[in-house]
Amino acid sequence: MRGPFNLDAETAVLAGLLLHNSELANVQDWLGADDFYSPDNRAIYAAIVELTGANKPADGVTVGEWLLAQGGEDGDQLAAMAMELASTAYTASNVVSYAEVIVEHSHMRQFIDTCQKALAAAQGRRGHSAEQLAAHLATRLGAIAPVRATGLRPYREVMNRFATQMAERHQHGRRVGMPTPWADVNKAIGGLLDGQVIVLAARSNIGKSLLAFQQARFTGLRGDPVAVFSMEMVDTDVAARDVAALGEVPLQWIIGQDEGATAEDADLYWSRSTEAIRSMMGASIFLDDDPQLSAPQIVARAKRAHARKPLRLVVIDHLHEMSLPGKQDEALERGQALRDIKGLAKFLKCPVLVLAQLNRAGAKGERPKVTDIRGSGGIEEVADVILFVHRPDVYNPTDRPGLVEVIVGKGRNIQTGTVVSLRNEYQFQRAVDWDGPAFEFEQTPPPAKPQRQLAQRLGTRKIRAKRARRPIYLVVAKLIDPNTGELVGALVPANAVDQRLLRDRKFRVGREIRGELKQPREEWQHRLIHKIGHLMVDNVEGWEQLDAHDAVKRLQLDANVCCETVEMDATPVIAAVLDACEALLGAGARKVLAGVLPEIRTIPVKRAESLSFDEMEQARFQELFDGMTEYIGNRYTHVMLDDVRAEFWNMAGQNRRVA
């Protein structure tokens, strides 16, 4: 195939390598023999690589001898060329620069060849759809790597980046990975990390899709773009689940199968559904419901979406619905498909959540394990984290009803075997943090006889304390007074959660209650401030690694608005500093540093106040918004493009006009 080439650069590289074999180490990992346009130059370069790899000198004589022995009929000609190159007056100082020219021309030839083959395939009409051809073309083009790879880099750079991350975690409370909707899951796995593939596996009808879509909804409503590939459910089914979860409306009513709902129920459900639909329209979610997509098709579509707006999460439902080439064993091809997805996660620099099916043969009620995954060999090898979803009451209705277990089957830097408990609210298409009695999670239900109270599981005390101080939300309604028959105004619980809180706090019908009534925070204002965080992430240098929520928290701290100072235990910070010192300078340096460090028990740390609806009042939130937008206006608007600056001031003006 003809195309762009530079024979002078090829000659200069070969002559330089023959003159100084040591230069090969600077180019060998990214310059291949196939990158040379001339077949003769290709053969000479291969001879140089072969000889130096055997720790033999590669000069005009030795390369000529090797080519005479290996070159066949062209051996004499190639040997003469090698001798001529070795005697040419070239220098080795520009070998790397000339090699970059060779590789650049090689990539251009590959690009031309790929496009020509794609055109021929499209015109040939051999049974391939346009979508399949486009996905194959995107894969081939994506394989054309940069001229030079990153390669080895000093460990000091890695340690500096790690130290920055550690400081952000301890001083600013920033999470390691993208948060999930469940506090205990965040603690167990540290969130969803960029570049990782997280496999969520369960048997049919256990709820893996429900949890995955809840994660996508949670992320999208925070303002972070999410790509969802739903190969099982159509797009409107996904939408129905989202409305049910966000509006706390039974899914059966939404899909028209709840015949027991009264007229009052329908009025309530309609109002909640309308508000949920309005909220979901603002979610940054992209949905693809094409069935049986292949891994290259998913990769191509995700990259196209990422080019328009950088993605922060990809959800694939599910691995065993993806189409395979069918040329090898299914387990091998399934593993290769997951490797393609792993490459996508690294390319996008975001987590990819992949759902997987378990073998039906193992459906006996036991907790699942890695070997229960269909085609587990390749999947276990590639996945960074494997989580299982298990519901004991599916197999025995009396076994801890309402409990959903999330089990860590595999993970790096996390404790394998950890079991996190969630509560089943599947009627609303979601699971929530467990707030019931703690279990040791035996395989059999606990006996009925009284037992010593077992230790509460991870996060249970914190959840109960938060629930105890949560305000109760009420809705103004018109009701008939049963005593007088008159139409009166009344305050009724806003939803089932508030109704349950009233029961838990012993409020009964007819009892007099003293309460402080306040207007609740506006949801759209909460979303607006996260949109500003997203604008900073997309348009200000140095913020691109944050998500919208973390950007808002950083702005809150930098602007010093709505913050508080707390005393943090200094022990883990000092230990981390000493460990880093020992890793860089040795054990002796650690002892010296430990001897001169003053005894520090606590460190004052500035912490951003919580933005949750239950923690921050509207007036305080307005103070936060004004201070934050004033800080951005003074500090960052001068580096924004004109249209971005105009968009920011428009957002800031919206909230002030309302205030």
Side-chain angles (χ1 to χ4, degrees), residues 157-158 160-179 190-196 218-227 282-286 305-314 345-351 525-563 605-611 621 624-655:
E157 295 180 10
V158 180
N160 283 337
R161 192 165 66 252
F162 166 74
T164 301
Q165 293 175 353
M166 187 176 71
E168 289 178 346
R169 286 197 294 270
H170 287 282
Q171 296 178 13
H172 303 308
R174 181 186 171 193
R175 300 180 182 89
V176 178
M178 174 177 291
L192 310 181
L193 301 183
D194 290 347
Q196 285 197 347
F218 175 78
T219 304
L221 286 170
R222 286 162 51 93
D224 295 321
V226 183
S284 188
I285 299 176
F286 305 92
H306 185 75
R308 294 192 295 268
K309 192 171 187 180
L311 298 175
R312 290 297 301 128
L313 175 67
V314 177
K346 288 189 172 183
F347 177 85
L348 300 181
K349 295 182 176 62
C350 78
Q525 291 177 302
H526 189 82
R527 292 195 298 271
L528 180 63
I529 204 168
H530 281 84
K531 286 183 179 179
I532 292 178
H534 199 80
L535 180 140
M536 295 290 293
V537 171
D538 286 345
N539 298 283
V540 178
E541 185 177 357
W543 292 66
E544 57 274 1
Q545 298 301 323
L546 303 178
D547 59 26
H549 180 77
D550 289 336
V552 171
K553 285 297 183 182
R554 175 174 167 180
L555 286 168
Q556 194 174 346
L557 289 167
D558 291 350
N560 195 25
V561 56
C562 296
C563 296
V605 176
K606 183 170 65 175
R607 185 173 65 184
E609 295 179 16
S610 171
L611 271 65
F621 183 81
L624 167 71
F625 191 97
D626 292 342
M628 192 177 296
T629 51
E630 180 181 358
Y631 175 78
I632 296 173
N634 294 332
R635 182 73 179 271
Y636 291 107
T637 51
H638 69 282
V639 301
M640 296 179 180
L641 298 176
D642 291 343
D643 58 336
V644 176
R645 188 185 305 111
E647 182 181 1
F648 164 72
W649 286 121
N650 180 53
M651 290 180 181
Q654 286 182 37
N655 201 68

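The shown structure was predicted, so the numbers you read here are calculated from the model rather than taken from an experiment. These values consider heavy atoms only, across backbone and side chains, with no hydrogens, waters or symmetry-generated copies.
- Note: Thr219 OG1 to Met178 CE = 5.0 Å, rounded to the nearest 0.5 Å.
- Remark: the backbone N or O of Glu630 is paired with a side-chain donor or acceptor of Asn634 at under 3.5 angstrom.
- The CG atom of Leu624 sits 9.5 Å away from the CG atom of Leu555 when rounded to the nearest 0.5 Å.
- Partners of His306 by side-chain hydrogen bond (donor to acceptor under 3.5 Å, both in side chains), not counting sequence neighbours: none found.
- Rounded to the nearest 0.5 Å, atoms CD1 (Ile529) and NZ (Lys531) are 13.0 Å apart.
- The OG1 atom of Thr637 lies 11.0 Å from the CG atom of Asp642; values are rounded to the nearest 0.5 Å.
- Remark: the backbone N or O of Gly223 is paired with a side-chain donor or acceptor of His534 at under 3.5 angstrom.
- Looking at Lys606, its side chain does come within 3.5 Å of a backbone N or O of Leu557 through a donor-acceptor pair.
- By the ring pair (Phe, Tyr, Trp, His ring centres under 6.0 Å) test, Tyr636 pairs with Trp543, sequence neighbours left out.
- In this structure, Lys553 contributes its side chain and Glu609 its backbone to a donor-acceptor pair below 3.5 Å.
- In this structure, Gln556 contributes its side chain and Cys562 its backbone to a donor-acceptor pair below 3.5 Å.
- Asn539 meets the side-chain hydrogen bond (donor to acceptor under 3.5 Å, both in side chains) test with no other residue; sequence neighbours excluded.
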Query raised in the report: side-chain contact (heavy atoms from CB on, under 4.5 Å) between Leu535 and Glu647: does it pass, once the steps are laid out?
Result: CA-CA 9 Å; Leu535 180 140; Glu647 182 181 1; 3.8 Å; yes
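- Summarising the geometry of Gly533 relative to Ala551, their closest heavy-atom pair is O-CB, 3.6 Å, with the distance given to 0.1 Å.
- For the pair Ile532/Thr629, a side-chain contact is recorded, criterion being any heavy-atom separation below 4.5 Å from C-beta on.
- In this structure, the separation between CE on Met640 and CG on Asp538 is 11.0 Å, given to the nearest 0.5 Å.
- Between the CG atom of Leu348 and the CZ atom of Arg312 there is a distance of 10.0 Å, given to the nearest 0.5 Å.
- Here the closest non-hydrogen pair linking Leu193 and Pro351 is O-CB, 3.4 Å.
- In terms of heavy-atom proximity, Met628 sits nearest to Val552 at CE-O, 3.7 Å.
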